Amino acid sequence: MRYSNFFIPSLKEDPKEAVLKSHKLLLRAGYVRQLSGGIYTYLPLGLKSLRKLEEIIRQEMNSAGAVELSMPFVQPLEIWKESGRDEDYGKELLRFKDRQDRDFCLAPTYEEVITDLVKKNVKSYKELPLTLYQIHLKFRDEMRPRFGLMRAKEFIMKDAYSFDADEKGLDESYKKMKHAYENIFKRLGFDFKFIKAEAGEIGGNYSEELMVFSEYGEDKIVICNNCGYAASIDEAESVSDYNDSLVESCRQPRMTKLSTPDKKSIEEVAEYLKIDKTCFAKTIIYESEIGFIAALVRGDREINERKLKKAVKIKNLFLAKEQDVEKITGAPCGFAGPFGLKKQNGSVEVTDNSNSNNSTNILIVIDEEIKNSEYWITGANEKDWHMANVKHGRDFNFDISADIRSVQSGDKCVKCQGILDVKNAIELGHIFKLGEKYSKTLNAKFLDEKGESKYFVMGCYGIGVGRTLQTLVEVLSDENGINLPVSVSPFALAVVNLNLNDAKITEIAEKIYADLTSMGADVLYDDRKLSAGIKLKDIDLIGIPFKIVVGNRTVKENKYELEIKKDSSKESFDTLDALYSRVKQLIF
RNA sequence: CGGGAUGUGGCGCAGCUGGUAGCGCACCUGCUUUGGGAGCAGGGGGUCGCACGUUCGAAUCGUGUCAUCCCGACCA
């Protein structure tokens, strides 16, 4: 490909809308352009790269026995009503009407369509197992699209769906897909790990997320350096501490007030009182559909809101407004404690501490660690005061005790007592055992060997393809440009003609370009009449693994130069044949 | 949806104590250059996001609105 014929609108400066390195580079190198928030054009370079990535995925899916098809991006809302997900998906599902006033939506995913398709066309167990997949668009009306292709509204995904006669078959199909995923991500050179996860909107019984480690990842995952245990921060458990570091003075027969003028955060109070943060219990007031909730974790811990939601079995949870906190605790934020909490209307009703029949609508949820030890320092529910020797069962009662804290680096593993580490990661894939969730709601059945009607047992398997491309850029690039491996780079190598006005140089460059192209190499030939620096910088920016530079030096020294992007090394060859055989070795 | 920031030639920015718009890069023409974002000379391009208002006069002040980005709730 001649650069002069191609379309690579590169940018010299960072676009101001991008924050992430990979997002900046994709824009600067002319891979993508944003049309609207979360909606992108893949420019020729980006598309070439995307196609190569898709090809790797396709190969592994095919060799795992999956069969490709393509389903409609525009779907009748009817099938979403049938599955009940019309409401579950809420605003993420973009709805509209056609000219006949019928309801349609843009596909956020394809379980409904695939289940409907299989239901209508597969009748017998003899046709099972069956795994179908596609690579194409999805649209989710995200509340906050961001970071380029990482979280777009319109995005490209590979999704596969398996259909089996029973659970055992599903396990088998699931295993195959998981293995295919391992192959794909190994080929791409990622440092990744599967972690157990919540199924979320898709639903089902069991699911694992494929996480790639990166400091810019939006998710936090916990891994055990000893036994390999890994889970998302919302699922991971650590050994509950027994807090024996409590100072002896805290073990008192009754609560004792401590003056803490103007000290609100645990940090400030701990510093002021010269007492370790682990001796404190943090009381946070939340609001939910069942009323207010007071949640307690140790002073050095963070509450994990997902765990809290799960423990209380609620859907909505957000921090109570400051004025509500004042009404409930009787003190400004920063001085809350678990005792004597009042109803939100500020009535005189007080938590009944003497029996478990809680008369208040404030639910008290404590972390296991709070339960494990007895004497805590908390807020005193009075401005500028904290309270020591606070004991559950004596000074306050709790409604629920559960693991509601986030694991921190350094905690102990529940499996092996090893040390846990919290790392940032990006979710690139998610695989689910759906079971009969969709086949039941959509009434998709087949006949088994006894002639009995049975629901399909399903699995589904996704890879965010655009996100994977951007993650490769994020992980592999530096400030000079993108650095993709040959397998996904838009071009395998570049031939740079440094001076179009020099007949000799041009003759050599043209010959190399023609020879390599006829060898089957995907070559970008920079034949632009621009200064040398611009051309070299552009090639670096767009990230072509190998670069052959033809200039004065080539002619003078009669040597051919190959530059390897990965480590910036240079190799020199006396003859074209030597150069070509090296190139063959590198790119095929 | 809540909190914050920003909208000025293609891109990045300045101008914002009101007086009719400027810089760098890019672009066009010519000549000279070509091993790491070249030089000289000439040139084109902006109803200052949009609307309403204040004013003799608005990029500048006020209100509203839209867009983009960041933080939170959600997810591949």
Side-chain angles (χ1 to χ4, degrees), chain A residues 9-20 23-24 27-28 33-39 88-92 108-109 135 137-159 181 197-202 207 209-212 217-219 232 234 286 305-306 309 315-319 321 426-432 460-471 480-481 496-502 505-506 526 528-541 547 549-557 561 563 568 570:
Chain A
S10 66
L11 267 26
K12 195 167 171 179
E13 291 174 87
D14 283 339
K16 64 171 171 183
E17 73 262 26
V19 186
L20 228 56
H23 187 196
K24 288 177 182 169
L27 291 166
R28 280 188 55 209
R33 280 293 180 274
Q34 182 172 178
L35 176 64
S36 164
I39 300 178
D88 292 349
Y89 249 96
K91 288 189 171 172
E92 305 255 301
T109 183
I135 299 176
L137 290 178
K138 287 190 172 180
F139 191 97
R140 292 183 192 163
D141 200 353
E142 289 283 344
M143 26 187 152
R144 183 147 95 91
R146 62 186 128 161
F147 303 143
L149 305 177
M150 286 297 189
R151 173 170 278 94
K153 287 170 138 182
E154 182 182 284
F155 59 103
I156 295 169
M157 193 157 152
K158 186 286 301 176
D159 45 346
Y181 274 45
E198 283 186 283
E201 209 63 73
I202 312 282
S207 87
E209 289 171 331
L210 188 147
M211 307 298 298
V212 169
E218 287 186 84
D219 298 304
S232 85
D234 297 324
Y286 284 96
E305 296 184 3
R306 285 229 191 169
K309 274 188 200 173
K315 275 195 167 170
N316 305 302
L317 185 74
F318 42 95
L319 285 174
K321 294 182 201 75
I426 301 168
E427 180 184 357
L428 295 185
H430 203 157
I431 56 178
F432 300 81
C460 94
Y461 318 90
I463 292 176
V465 183
R467 179 183 279 190
T468 299
L469 178 60
Q470 184 166 342
T471 303
N480 292 322
V496 185
N497 180 340
L498 287 185
N499 189 352
L500 273 288
N501 296 324
D502 187 308
I505 290 172
T506 301
D526 196 344
R528 294 175 299 167
K529 288 192 169 175
L530 293 172
S531 69
I534 294 178
K535 288 188 275 199
L536 293 168
K537 287 279 189 193
D538 266 342
I539 298 298
D540 286 345
L541 177 62
K547 175 167 70 183
V549 180
V550 184
N552 277 334
R553 215 187 283 165
T554 316
V555 177
K556 244 186 258 168
E557 298 174 12
E561 192 178 289
E563 216 180 299
S568 311
K570 287 180 185 172

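Everything quoted here is computed from the prediction, not taken from an experiment. Here is how names work: the chains are called A, B, and so on, in the same order as the sequence lines, proteins then strands, and each is numbered from 1.
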With distance as the sole criterion, do the side chain of [X] and the base of [N] form a donor-acceptor contact below 3.5 Å?
| X | N | answer |
| --- | --- | --- |
| A:Glu13 | B:G24 | yes |
| A:Arg140 | B:C75 | no |
| A:Thr554 | B:G35 | yes |

Atom-pair distance ([atom1] on [X]; [atom2] on [N]), nearest Å:
| X | N | atom1 | atom2 | result |
| --- | --- | --- | --- | --- |
| A:Lys537 | B:G37 | NZ | C1' | 7 Å |
| A:Lys24 | B:G12 | NZ | C1' | 13 Å |
| A:Met211 | B:C75 | CE | C1' | 11 Å |
| A:Lys529 | B:U29 | NZ | P | 12 Å |
| A:Asp526 | B:G37 | CG | C1' | 13 Å |
| A:Arg28 | B:G12 | CZ | P | 12 Å |
| A:Glu218 | B:A73 | CD | C1' | 13 Å |
| A:Asn480 | B:G37 | CG | C1' | 12 Å |

Looking only at side-chain N and O atoms, does [X] come under 4.0 Å of OP1 or OP2 in [N]?
| X | N | result |
| --- | --- | --- |
| A:Gln34 | B:C69 | yes |
| A:Arg33 | B:C11 | no |
| A:Arg151 | B:C74 | no |
| A:Thr468 | B:A76 | no |

For the [atom1] atoms, the ones on [N] and on [M], what distance do you get once it is rounded to whole angstrom?
| N | M | atom1 | result |
| --- | --- | --- | --- |
| B:C70 | B:G19 | P | 35 Å |
| B:G24 | B:U63 | P | 36 Å |
| B:G42 | B:A5 | P | 45 Å |
| B:G49 | B:C13 | P | 14 Å |
| B:G44 | B:C28 | C1' | 7 Å |
| B:A21 | B:U47 | C1' | 13 Å |
| B:G9 | B:C25 | C1' | 12 Å |
| B:C69 | B:C52 | C1' | 27 Å |

Strictly distance-based, threshold 3.5 Å: is any side-chain N or O of [X] a donor or acceptor partner for the main-chain N or O of [Y]?
| X | Y | result |
| --- | --- | --- |
| A:Arg28 | A:Gly481 | no |
| A:Arg140 | A:Lys153 | no |
| A:Lys535 | A:Asn497 | yes |
| A:Tyr461 | A:Tyr181 | no |
| A:Glu209 | A:Ser232 | no |
| A:Arg151 | A:Glu142 | no |
| A:Arg33 | A:Leu27 | yes |

Check the pair A:Glu218 / A:Glu427 against side-chain contact (heavy atoms from CB on, under 4.5 Å), numbers first and verdict last. CA-CA 8 Å; A:Glu218 287 186 84; A:Glu427 180 184 357; over 6 Å; no
If you check the [X] side chain, which of [options] turns out closest?
| X | options | result |
| --- | --- | --- |
| A:Arg146 | B:C70, B:U68, B:G7 | B:C70 |
| A:Lys12 | B:G37, B:A76, B:G36 | B:G37 |
| A:Glu305 | B:C69, B:G36, B:A73 | B:A73 |
| A:Asp538 | B:U68, B:G37, B:G35 | B:G37 |
| A:Arg467 | B:U68, B:C71, B:A76 | B:A76 |
| A:Lys570 | B:U68, B:G35, B:G72 | B:G35 |
| A:Met143 | B:A73, B:G35, B:A38 | B:A73 |
| A:Glu142 | B:U68, B:G35, B:C74 | B:C74 |
| A:Ile534 | B:A76, B:A38, B:G72 | B:A38 |
| A:Phe155 | B:C13, B:A76, B:G35 | B:A76 |

Could you tell me the Watson-Crick or G-U partner of [N], where both distances fall under 3.5 Å? Say none if there is no partner.
| N | value |
| --- | --- |
| B:A41 | B:U29 |
| B:G53 | B:C61 |
| B:C69 | B:G4 |
| B:C48 | none |
| B:G24 | B:C11 |
| B:G18 | none |

Mind checking [X] for me? I need base, sugar-phosphate or nothing, with any heavy atom below 4.0 Å counting as a touch.
| X | answer |
| --- | --- |
| A:Lys309 | sugar-phosphate |
| A:Leu530 | base |
| A:Gly551 | base |
| A:Val496 | nothing |
| A:Gly466 | nothing |
| A:Lys16 | sugar-phosphate |
| A:Gln470 | nothing |
| A:Phe147 | sugar-phosphate |
| A:Asp502 | nothing |

Position toward the 5' end of RNA chain B (nearest nucleotide), A:Val465 or A:Asn552: A:Asn552
Whichever of A:Pro145 and A:Ala152 has the more 5' nearest nucleotide on RNA chain B, that residue is A:Pro145
Can you list the steps and then say if A:Val465 with A:Lys158 is a side-chain contact (heavy atoms from CB on, under 4.5 Å)? CA-CA 7 Å; A:Val465 183; A:Lys158 186 286 301 176; 4.1 Å; yes
Could you check if a side-chain atom of A:Asp538 sits within less than 4.5 angstrom of a side-chain atom of A:Arg528, using non-hydrogen atoms only? yes
